[in-house]
Amino acid sequence: MNARAPKGTADMLPDVARAWEHMQRTAQRLFARYGYEPVYTPIFEHTEVFTRGIGEATDIVSKEMYTFEDKGGRSITLRPEGTASVVRATLEHNLVANGQSAKLYYAGPMFRYERPQKGRMRQFWQIGAEALGMAEPGIDAEVIVMLMRYFEELGIPRQNMRLLINTMGDENCRPAYRDKIAGFIREHSTALCEECNRRAETNPLRAFDCKNPGCKDVMSEAPLLRDELCDDCAAHYAAVKSSLDDLAISYIEDPSLVRGLDYYTRTVFEVQVDAGLGSQNAIGGGGRYDRLMEQYGGPATPGLGFALGFERTLLALEAAGVAILGHPVAEVYVARVDAALGGAVFALVQELRDAGIATETDYQGRSLKSQFKQADRLGARAVVIVGPDELAAGEVTMRDMTTKDESRIPLGEIAARLKQLLG
RNA sequence: GUGGGUGUAGCUCAGUUGGUUAGAGCGUCGGACUGUGGCUCCGAAGGUCGCGGGUUCGAGCCCCGUUACCCACCCCA
């Protein structure tokens with residue numbers, strides 16, 4: 001038996017699990033203020049949900065999916081991202097029929113078959129939010145602001161983050177631009193890498209993303225979509241920027257920001273940090289996907305959203321020196337002078353827990369000294385000592401671990417006294 | 001898929017030109033006039049030195065293979 005988690009997965013031990021819960025709670029509180037409601041979609045979907053939505057030519061679909069055939073012969077894929085599923089669910093349940101809108105958020109594990117490295121896992125967690133049915137540029141800004149506020153609320157200093165934005169155009173202006181870039185790549189084929197040449201056929205815009213210095217040079221001369229936008233897209237982009245300005249959210253326009261999913265239209269954005277993530281730098285990103293619902297056979301429905309990565313966010317938090325503190329494991333520790341008193345202790349511990357007090361005790365027959373050490377380690381504010389002397393008088397000793405004050409308390413009053421001490 | 005690095009107690013790591021009972025710190029457990037914590041001191045438990053071959057009188061140290069993890073490329077959260 002190989003007692004090891006599979007490659008690219010990790011156990012989240014209490015310290016990390018606590019951070020996870022903190023990140024989820026923070027999202028729940030914040031997103032609720034923006035009108036978002038939770039949604040849980042399956043962790044696996046029919047493969048087609050992703051191939052259609054994300055795009056056959058993307059890295060995610062072409063080489064990173066966990067796809068398998070189930071016992072019924074269906075092709076199933078572990079979700080590599082959340083948007084496709086949420087949009088599928090929205091369509092399936094008619095959440096935005098007849099001009100309705102929906103604001104939904106989700107959190108959970110995603111799966112991508114890649115070589116793991118710092119900030120990249122095969123199973124990784126994301127929180128995402130999707131705003132469906134709204135085409136106005138104001139909602140673009142709102143989504144971006146909520147994402148930035150989330151990171152800030154967790155404790156990543158604003159100056160540690162960089163918000164990049166760009167526009168991908170729409171079906172009116174992008175095809176022409178796409179052809180133009182494909183042509184540009186062909187013209188400069190000798191100066192570009194093999195991969196970029198291949199991109200001319202599959203997804204020309206991704207050539208902007210190439211990290212090869214030679215390609216970067218060449219692509220810096222390429223025509224920009226910004227200059228080829230149709231009027232509607234140009235107006236939308238201008239309005240988004242203007243809203244961000246109004247909200248004092250600073251951003252960097254990055255024409256090379258393309259992102260790895262085919263469904264994006266118009267606004268795309270990414271939040272990057274410099275420290276803690278190894279060679280990665282994005283902690284969150286997203287964009288608008290006004291045609292996605294139609295790709296699933298649904299009515300034309302605009303939408304946009306973002307996703308952010310837990311692992312990377314935690315790395316960024318650590319790099320920023322932010323500690324996520326846990327609650328004490330126990331508020332009260334019940335110690336017994338000798339093991340024979342177990343019965344009385346057991347009843348008392350249960351009574352305290354029923355009274356809402358986090359209570360811990362020893363089940364290993366340890367020395368009183370050791371029990372005190374344990375109480376200290378668990379962060380207990382008080383220790384209740386159960387000994388023969390006390391019990392003979394129907395009492396216990398209560399020790400305030402901060403002030404070291406001790407007093408004998410009748411058994412019947414101990415719960416109330418402890419609650420009083422704990423405030 | 002490709003490349004580099006690492007793999008010694010629960011954790012972080014030392015282990016000299018290969019040499020005889022493999023060490024430290026932290027943590028854990030026990031103790032310091034025996035019913036009491038956080039400091040200090042003492043002591044104890046705990047290791048197939050990733051695994052398999054090879055070289056050697058002898059290998060944690062050298063060689064080969066293998067595996068795991070880490071990091072990087074690609075791309076992304």
Side-chain angles (χ1 to χ4, degrees), chain A residues 2-10 13 15 23 54 57-64 79-83 107-128 147 151 193-196 198-199 203 206 209-212 215 257-261 270-273 277-286 306-316 333 335-339 341 362 364-391 396-406:
Chain A
N2 182 7
R4 241 189 196 118
K7 180 190 281 289
T9 67
L13 300 179
D15 278 351
M23 287 191 276
I54 298 170
T58 60
D59 281 6
I60 292 177
V61 170
S62 65
K63 57 185 193 191
E64 295 172 0
R79 62 183 186 190
E81 59 106 42
T83 301
M110 305 295 163
F111 306 84
R112 267 127 87 158
Y113 190 85
E114 297 184 272
R115 287 292 286 267
Q117 64 189 74
K118 196 171 189 66
R120 166 181 295 150
M121 300 292 281
R122 287 182 174 180
Q123 176 178 323
F124 59 100
W125 276 62
Q126 288 187 334
I127 287 186
L147 176 62
F151 289 131
C193 72
E194 202 178 312
E195 178 65 20
C196 283
R198 205 170 56 75
R199 284 173 173 137
N203 189 345
R206 293 209 64 79
D209 238 7
C210 190
K211 283 174 183 167
N212 182 314
C215 297
L257 180 66
V258 170
R259 302 192 48 80
L261 302 97
E270 194 165 291
V271 181
Q272 304 183 344
V273 296
L277 294 196
S279 72
Q280 267 64 244
N281 58 16
I283 54 177
F306 64 72
L308 63 96
F310 273 50
E311 287 82 357
R312 292 186 181 180
T313 298
L314 189 55
L315 289 172
Y333 191 96
R336 55 190 157 160
V337 173
D338 75 72
L341 274 19
D362 168 60
Q364 297 176 83
R366 288 198 267 214
S367 67
L368 190 64
K369 182 194 203 68
S370 173
Q371 294 178 66
F372 266 84
K373 284 188 174 176
Q374 188 68 15
D376 195 51
R377 209 174 305 131
L378 298 178
R381 179 68 209 286
V383 170
V384 173
I385 303 159
V386 178
D389 299 350
E390 288 89 343
L391 282 185
V396 292
T397 298
M398 178 176 94
R399 177 183 176 90
D400 183 325
M401 293 295 274
T402 310
T403 64
K404 301 185 178 182
D405 291 337
E406 286 190 11

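Just so it is clear, the structure is predicted and the values come from calculations on it, not from any experiment. Chain letters run A, B, ... following the sequence lines, proteins first and then strands; every chain starts at 1.
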| task | Considering only atom P, compute the distance from B:U21 to B:G30 and round it to an integer number of Å. | result | 33 Å
| query | Closest to the A:Pro116 side chain: B:C29, B:C70, B:A77? | reply | B:C70
| What nucleotide among B:A68, B:U36, B:A77 has an atom nearest to a side-chain atom of A:Arg4? | B:A68
| message | If I take atom CZ in residue A:Arg120 and atom P in nucleotide B:C71, what distance separates them, rounded to the nearest angstrom? | response | 11 Å
| query | Partners of A:Leu277 by side chain to side chain contact (heavy atoms under 4.5 Å, CB included), sequence neighbours excluded? | reply | A:Val273, A:Gln280, A:Ile283, A:Arg312, A:Leu315
| field | Sugar-phosphate only, base, or nothing, as touched by A:Gln123 at under 4.0 Å among non-hydrogen atoms | value | nothing
| said: For a quick check of understanding: with a heavy-atom distance under 4.0 Å over all strands, which category does A:Met121 fall into, base, sugar-phosphate or nothing? | reply: base
| field | From B:U36, B:A77, B:G35, nucleotide with atom closest to A:Arg399 side chain | value | B:U36
| If only side-chain N and O atoms of A:Lys7 are considered, is one of them under 4.0 Å from the OP1 or OP2 phosphate oxygen of B:A68? | no
| field | Most 5' of A:Pro6 and A:Leu261 on RNA chain B, judged by nearest nucleotide | value | A:Pro6
| Base, sugar-phosphate, or nothing for A:Gly128, non-hydrogen atoms under 4.0 angstrom? | nothing
| field | Residue pair A:Met110, A:Trp125: steps toward the side chain to side chain contact (heavy atoms under 4.5 Å, CB included) verdict | value | CA-CA 6 Å; A:Met110 305 295 163; A:Trp125 276 62; over 6 Å; no
| request: Let me know the distance between CG of A:Asp15 and C1' of B:G27, rounded to the nearest Å. | output: 14 Å
| said: Nearest 0.5 angstrom please: A:Ile385 CD1 to A:Glu406 CD, how far? | reply: 4.5 Å
| How about A:Gln117 and A:Ser279: do any of their side-chain heavy atoms sit closer than 4.5 Å? | yes
| Across the strands shown, which category fits A:Glu81 at heavy-atom distances under 4.0 angstrom: base, sugar-phosphate, nothing? | nothing
| said: If we check side-chain contact (heavy atoms from CB on, under 4.5 Å) with A:Ile127, which of these qualifies: A:Leu147, A:Leu308, A:Thr313? | reply: A:Leu308
| field | Pairwise P distance, B:G4 and B:C63 [rounded to whole Å] | value | 15 Å
| How close or far is atom P of B:G37 from atom NZ of A:Lys373, stated in whole angstroms? | 8 Å
| task | Using the P atom on both, measure B:G31 against B:C69 and round to a whole Å. | result | 42 Å
| message | Both A:Lys63 and A:Gly284 contact RNA chain B. Which one's nearest nucleotide lies toward the 5' end? | response | A:Lys63
| query | Partners of A:Glu390 by side chain to side chain donor-acceptor pair (under 3.5 Å), sequence neighbours excluded? | reply | A:Thr397
| note | Whole-Å distance, A:Arg366 CZ to B:G35 P, equals 18 Å
| Integer-rounded Å distance: B:U36 P and A:Asp389 CG | 13 Å
| request: Give A:Ala282 one of three labels, base, sugar-phosphate or nothing, depending on what nucleic acid heavy atoms sit under 4.0 Å from its own. | output: sugar-phosphate
| Spacing of the P atoms in B:C49 and B:U20 (rounded, Å) | 16 Å
| message | Just so I know, are the side chains of A:Arg399 and A:Phe372 near enough to count as touching, which here means a heavy-atom distance under 4.5 Å? | response | yes
| Ring stacking, A:Phe124 with base of B:A77, under 5.5 Å and under 30°? | yes
| request: Identify, with sequence neighbours excluded, every residue that meets ring-ring contact (aromatic ring centres under 6.0 Å, His included) alongside A:Phe306. | output: A:Phe31
| Do A:Arg79 and A:Phe111 meet the cation-pi criteria used here (NZ or CZ under 6.0 Å from the six-membered ring centre, within 45° of the axis)? | no
| How many Å lie between CD on A:Gln371 and C1' on B:U28, as a whole number? | 16 Å
| request: Identify which nucleotide among B:U36, B:G1, B:G31 has an atom closest to any side-chain atom of A:Arg115, counting heavy atoms from C-beta outward. | output: B:G1
| field | B:A72 versus B:C62 - spacing of their P atoms, nearest Å | value | 27 Å
| query | Using a cut-off of 4.0 Å on non-hydrogen atoms, how would the nucleic acid contact of A:Glu311 be classed: base, sugar-phosphate, or nothing? | reply | nothing
| task | Could you give the distance separating B:U66 and B:U6 at their C1' atoms, to the nearest angstrom? | result | 15 Å
| message | Categorize A:Ser370 for me: base, sugar-phosphate, or nothing, with a 4.0 angstrom heavy-atom threshold over every strand shown. | response | sugar-phosphate
| Euclidean distance for P, B:G5 against B:C42 (whole angstrom) | 42 Å
| said: If I take atom CE in residue A:Met23 and atom P in nucleotide B:A77, what distance separates them, rounded to the nearest angstrom? | reply: 17 Å
| message | With a 4.0 Å limit, can you tell me whether A:Lys369 has a side-chain N or O closer than that to the phosphate oxygens OP1/OP2 of B:U36? | response | no
| said: Taking B:G15 as the reference, what is the distance to B:G27 when you measure between their P atoms (whole Å, please)? | reply: 23 Å
| Over how many whole Å does the gap from A:Arg377 atom CZ to B:G10 atom P extend? | 18 Å
| query | Considering only B:C73, B:G37, B:A77, which nucleotide approaches the side chain of A:Ser279 most closely? | reply | B:C73
| query | Taking the side chain of A:Gln117 as its heavy atoms from C-beta onward, which of B:G35, B:A77, B:C73 lies nearest to it? | reply | B:C73
| If pairs are Watson-Crick or G-U with both distances under 3.5 Å, what is the dot-bracket string of RNA chain B, marking crossing pairs with [ ] and pairs to another strand with |? | (((((((..((((.....[...)))).(((((.......))))).....(((((..]....))))))))))))....
| message | With a 4.0 Å cutoff (strictly under), does any side-chain N or O of A:Ser367 reach OP1 or OP2 of B:G31? | response | yes
| query | Quick one: which of B:G35, B:C70, B:G37 gets closest to the side chain of A:Ile385? | reply | B:G35
| Pairs touching residues 364-387 of chain A that satisfy salt bridge (Lys or Arg N to Asp or Glu O under 4.0 Å), sequence neighbours left out | A:Asp362-A:Arg366, A:Arg381-A:Asp400
| said: Is it the case that the base of B:A77 and the side chain of A:Glu114 share a donor-acceptor contact (distance under 3.5 Å, atom types as modelled)? | reply: yes
| query | From B:G30, B:C71, B:G35, pick the nucleotide closest to the side chain of A:Lys118? | reply | B:C71
| said: Restricting to salt bridge (charged side-chain N to carboxylate O under 4.0 Å, His left out), what partner residues turn up for A:Glu270, sequence neighbours left out? | reply: A:Arg259
